Chemist: 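Before anything else, here's the structure in question.
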Amino acid sequence: MNAITRSEMALLDVPTVTFELNGREVTGRATDTILTVAKREGIEIPHLCFKEGMDTAGNCRACVVEINGERVLAPSCCRNPTNGMKVNTESERAVKSQKLVLELLQSDMPETDYTRHNEVDEWAAKMEVGKPRFEARARVAPDFSHPAMTVNLDACIQCTRCVRACRDEQENDVIGLAFRGDHAKIVFDMDDPMGASTCVACGECVQACPTGALMPARDVGMNVPDKQVDSVCPYCGVGCQLTYNIKDNKILYVEGRDGPANRERLCVKGRYGFDYANHPHRLTKPLIRRADAPKRGDFVMDPDRVMEVFREATWEEALEVAGGNFAKIRDTHGKKSLAGFGSAKGSNEEAYLFQKLVRTGFGSNNVDHCTRLCHASSVVALLEGIGSGAVSNPVMDVTKAEVVIIIGANPTVNHPVAATWIKNAVSNGTKLIVCDPRRTDMARIAHRFMQFKADTDVAMLNAMMNVIVTEGLVDKEFIESRTIGYEELRKNVEGYTPELMAPICGIDAETLRYVARLYATSKASMILWGMGVSQHIHGTDNARCLIALSLMTGQIGRPGTGLHPLRGQNNVQGASDAGLIPMVYPDYQSVSDPKIRANFAKAWNMSVDLLDPEPGLTVVEIMHAITDGKIRGLYVQGENPAMSDPDANHAREALAALDHLVVQDIFLTETAYLADVILPASAFPEKTGTFTNTDRTVQMGRQALNPPGEAKQDLWIIQQMANRLGCNWNYKHVSEVFDEMRHTMPSIAGITWERLEREDSVTYPCEKEGDPGEPVVFVDSFPRESGRARFVPADIIPAAERPDTEYPMVLITGRQLEHWHTGSMTRRATVLDSIEPDPIALIHPLDLANMGGKPGDIITLESRRGEVSLYARADDSSPRGAVFVPFCYYEAAINRLTNAALDPFGKIPEFKYCAIRIHLGGAAPVQTSYGGGQALENLTNSLTLN
């Protein structure tokens with residue numbers, strides 16, 4: 001069952017009413033409107049301002065009906081029926097009024113068709129309204145200032161659906177209705193051009209508009225799709241369901257679907273970040289590094305020398321070179337001399353086959369993916385504490401919580417649709433606590449904003465636990481019946497009083513006490529966190545503290561409670577579940593357990609002696625092993641470690657030092673440029689498979705486009721590679737891979753391919769066929785030995801590298817709204833790159849002024865590992881002494897600066913904290929890989945890619 005809001009829950013006990021509708025007796029709920037009941041009964045009433053799911057406005061008056069005994073006509077969209085009421089939707093009086101409204105509106109509509117679905121025209125045709133008799137108003141010039149959307153106010157009927165979409169659903173508060181009488185108009189902020197407003201381009205207003213007054217900037221009005229394909233969004237872990245509208249093997253536009261995580265909502269990436277799939281830079285033929293190619297150590301991607309580096313090849317040759325060289329390295333240097341990086345952007349089936357290839361074809365557990373760089377510490381702490389690395393409750397449960405804590409996460413940027421549910425919950429009375437070193441957008445609506453000093457999470461959280469323990473706010477019954485280790489934790493937090501921790505974390509003692517009491521005593525409290533918690537050398541300790549807070553107060557195992565680490569990539573949850581982790585097989589089953597190895601050997605039809613009993617190396621450990629000469633070959637599918645790894649200069653040196661590097665991708669990424677063989681793969685809309693979102697919901701993604709040129713499906717490529725390593729696989733369809741998965745993964749054993757095709761999504765655990773799935777888990781027990789959760793104490797551990805006189809400032813990295821991960825997709829999406837084309841650093845205005853700089857100046861950031869130059873953006877969300885930089889810009893690759901120091905438990909690098917220094921000036925960032933510049937055009941031409 002999908003999560004429902006409080007208002008929807010209230011409807012479960014609503015009384016019914018019986019009334020007369022067009023001469024016959026009907027029954028509805030007392031909270032229904034006449035329009036809603038009429039729709040249910042198959043009676044059409046024209047309506048324009050009404051839209052399902054929005055609050056009613058009743059301002060267009062197209063839906064008026066006659067009610068016996070009443071002098072005036074009533075708008076059916078905002079009138080509730082009562083017992084015995086007699087309603088006529090078809091009386092002469094009602095129909096005449098309906099037609100007049102439509103005629104008046106139609107007379108003012110422009111002759112140009114902005115949309116294929118002008119609801120005024122559609123209703124006018126149904127009601128047989130003739131040619132309008134009235135003069136039109138003066139035309140209004142269109143507003144083309146926004147890269148994503150065009151504003152055509154001459155087509156606006158002031159239905160306010162856009163206002164309600166922006167204000168009530170997305171809660172971005174950009175669109176309003178201003179002025180009065182004939183001067184009334186839709187405005188953006190203070191009547192700014194849309195492109196100059198604070199609009200975040202979610203497109204909810206475009207989806208709501210009935211006339212085309214708000215439309216996609218590209219002309220889609222006259223383009224009728226060849227087909228529509230239901231799928232899911234390829235970006236963040238929210239997993240929004242959407243529909244691709246296709247014509248001539250291109251996506252015209254995208255619409256949100258009524259999925260369990262989004263209910264038709266999308267963000268700027270999901271709605272406008274789709275044309276990367278048809279970008280001219282797509283790889284369309286296999287490439288092999290030339291024998292006379294320049295040395296790989298020179299990383300500069302020189303477009304004029306690309307054909308000196310690579311040559312085109314047939315698939316047969318490319319696969320033979322790629323797989324054959326891996327086999328030679330394995331047979332010469334041993335099974336542990338090979339490693340593989342899988343992808344969190346690919347499907348569950350791809351992840352499963354990739355880890356199976358590494359374990360059975362390479363012969364080791366040296367397989368990892370980007371979860372190591374985002375939530376590895378969270379997963380370690382969750383597995384240790386509660387026995388499962390997944391979330392306890394879906395994001396939508398914030399609508400059922402009384403208190404929500406967001407710590408180390410910026411949902412409006414990283415998980416925008418999830419952020420809308422949080423904002424909706426706050427509007428309905430939920431108290432939001434935001435804890436972050438940066439003043440994120442959510443701080444504006446927070447009940448309390450706790451801007452703690454970077455790197456002091458444990459001090460702050462232990463102080464809160466101290467309050468809960470010393471004031472007797474713990475849930476004793478829950479602790480005694482469902483946990484172990486509490487006494488050790490209680491003793492550990494005794495010394496962490498708010499008074500002692502306040503100067504360390506920067507939050508006053510009274511605020512620490514207040515928030516702790518609020519969280520502990522509410523009927524339902526929920527914690528959501530992001531990489532601001534996990535990407536530290538003490539990231540596992542940070543997560544341990546959050547788990548302990550939840551356990552000591554019993555705030556888990558019920559709707560509106562629990563723990564939710566927000567997943568960053570679209571399938572990082574599924575890829576982890578499917579076994580792209582060096583310590584565990586699919587479903588987090590230990591590679592060191594002989595019984596588990598025997599089970600997988602049987603499932604994979606091989607001898608158990610061929611499966612490595614030792615955990616493999618993680619992402620950063622593999623890079624070190626390359627430079628130590630232990631890893632000689634690497635297979636990379638859909639990842640870009642040359643951009644995403646910490647201390648990127650070292651990572652690039654390691655990749656260049658490999659005997660054999662094979663990259664499977666859709667673009668010539670920074671990593672691909674270092675490869676020996678490049679295999680052109682399929683983009684997200686070009687494949688069918690399952691994807692698991694941050695809520696543990698397994699969803700069906702369907703192929704909408706054909707891959708360009710000779711590019712192939714990732715699943716086919718992985719299977720071909722495996723067979724050249726002696727695996728002898730013969731999967732004929734992706735469903736066969738999924739079926740094998742569910743028979744090795746108890747958590748999804750009850751989910752069949754046929755059910756997913758029919759229902760689109762099922763939430764695990766779903767262990768038996770026919771089970772509904774469990775959105776809320778840990779209701780009665782935890783999946784640990786004895787069924788009890790475990791408290792794990794944590795003490796303060798400082799960052800591996802602190803500011804000093806030489807490097808006095810702190811660097812914080814992360815994502816930005818318009819771009820995603822290393823930018824290989826979003827920077828090739830026209831709208832997204834138009835909105836944010838240049839690399840920027842967010843620096844406090846006073847810090848910038850003290851340097852003698854101004855917004856837009858070039859500044860150079862330098863750490864002990866490297867330096868980058870980019871443009872300064874004055875932004876007071878960053879505290880004094882700290883700089884925030886997105887890591888998606890190749891021309892200013894910020895991971896050249898970050899620290900590769902690892903959390904000892906999760907083996908995750910400390911991306912979120914390192915010491916830097918800044919000075920004005922430096923070389924202007926030059927776009928040599930993205931952005932559509934001449935250099936990239938030369939690159940495209942030189943590779944003869946289409």
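In what follows, residues are counted from 1 in the order of the sequence shown. The structure displayed is predicted, hence computed values, not measured ones.
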Chemist: Only counting residues at least two apart or in another chain, list the ones meeting salt bridge (Lys or Arg N to Asp or Glu O under 4.0 Å) with Asp331.
Modeler: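 For Asp331 there are no salt bridge (Lys or Arg N to Asp or Glu O under 4.0 Å) partners, ignoring immediate neighbours.
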Chemist: What heavy-atom pair brings His375 and Pro565 nearest, and what distance separates the two atoms?
Modeler: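 Heavy atoms of His375 and Pro565 come nearest at CE1-CB, 3.6 Å.
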Chemist: Would you please name every residue forming a salt bridge (Lys or Arg N to Asp or Glu O under 4.0 Å) with Glu836, sequence neighbours left out?
Modeler: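 Arg873.
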Chemist: A side-chain contact here means heavy atoms from C-beta on lying under 4.5 Å apart; do Pro286 and Pro680 qualify?
Modeler: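 Yes. Closest side-chain heavy atoms under 4.5 Å.
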Chemist: Could you work out, with ring-ring contact (aromatic ring centres under 6.0 Å, His included) as the rule, every residue matching Phe684, not counting sequence neighbours?
Modeler: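 Expected list: Phe691.
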Chemist: Indicate the atoms forming the closest heavy-atom contact of Ile916 with Leu897, along with that distance.
Modeler: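 Heavy-atom minimum between the residues: CG2-CD2, 4.2 Å.
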Chemist: Can Asn365 and Glu614 be counted as having a side-chain donor-acceptor contact under 3.5 angstrom?
Modeler: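 Judged by distance alone, the side chains do not pair up.
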Chemist: Which residue pairs satisfy the salt bridge (charged side-chain N to carboxylate O under 4.0 Å, His left out) criterion with at least one member in residues 710-721, sequence neighbours excluded?
Modeler: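 As it turns out, the salt bridge (charged side-chain N to carboxylate O under 4.0 Å, His left out) pairs with a partner in residues 710-721, which skip direct neighbours, are Lys687-Asp714.
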Chemist: Are Met825 and Phe274 packed together at the side-chain level, in the sense that at least one heavy-atom pair is separated by less than 4.5 angstrom?
Modeler: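 Of all side-chain heavy-atom pairs linking Phe274 with Met825, none is under 4.5 Å.
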Chemist: Start with the C-alpha gap between Ser364 and Asp612, add the side-chain angles, then the distance that decides, and say whether side-chain hydrogen bond (donor to acceptor under 3.5 Å, both in side chains) holds.
Modeler: CA-CA 5 Å; Ser364 77; Asp612 187 357; 5.1 Å; no
Chemist: Roughly how far apart are Arg282 CZ and Glu686 CD, rounded to 0.5 Å?
Modeler: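 One finds 4.0 Å between CZ of Arg282 and CD of Glu686.
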Chemist: Under 3.5 Å, is there a donor-acceptor pair between the Ser534 and Trp529 side chains?
Modeler: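 Short answer, no.
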Chemist: Tell me, which pairs form a side chain to side chain donor-acceptor pair (under 3.5 Å) where one or both residues lie in residues 319-330, sequence neighbours left out?
Modeler: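 Counting only pairs at least two positions apart or across chains, no side chain to side chain donor-acceptor pair (under 3.5 Å) contact touches residues 319-330.
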Chemist: Per the ring-ring contact (aromatic ring centres under 6.0 Å, His included) rule, what does the pair list look like for residues 893-920, sequence neighbours excluded?
Modeler: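 Matches after skipping sequence neighbours: none remain.
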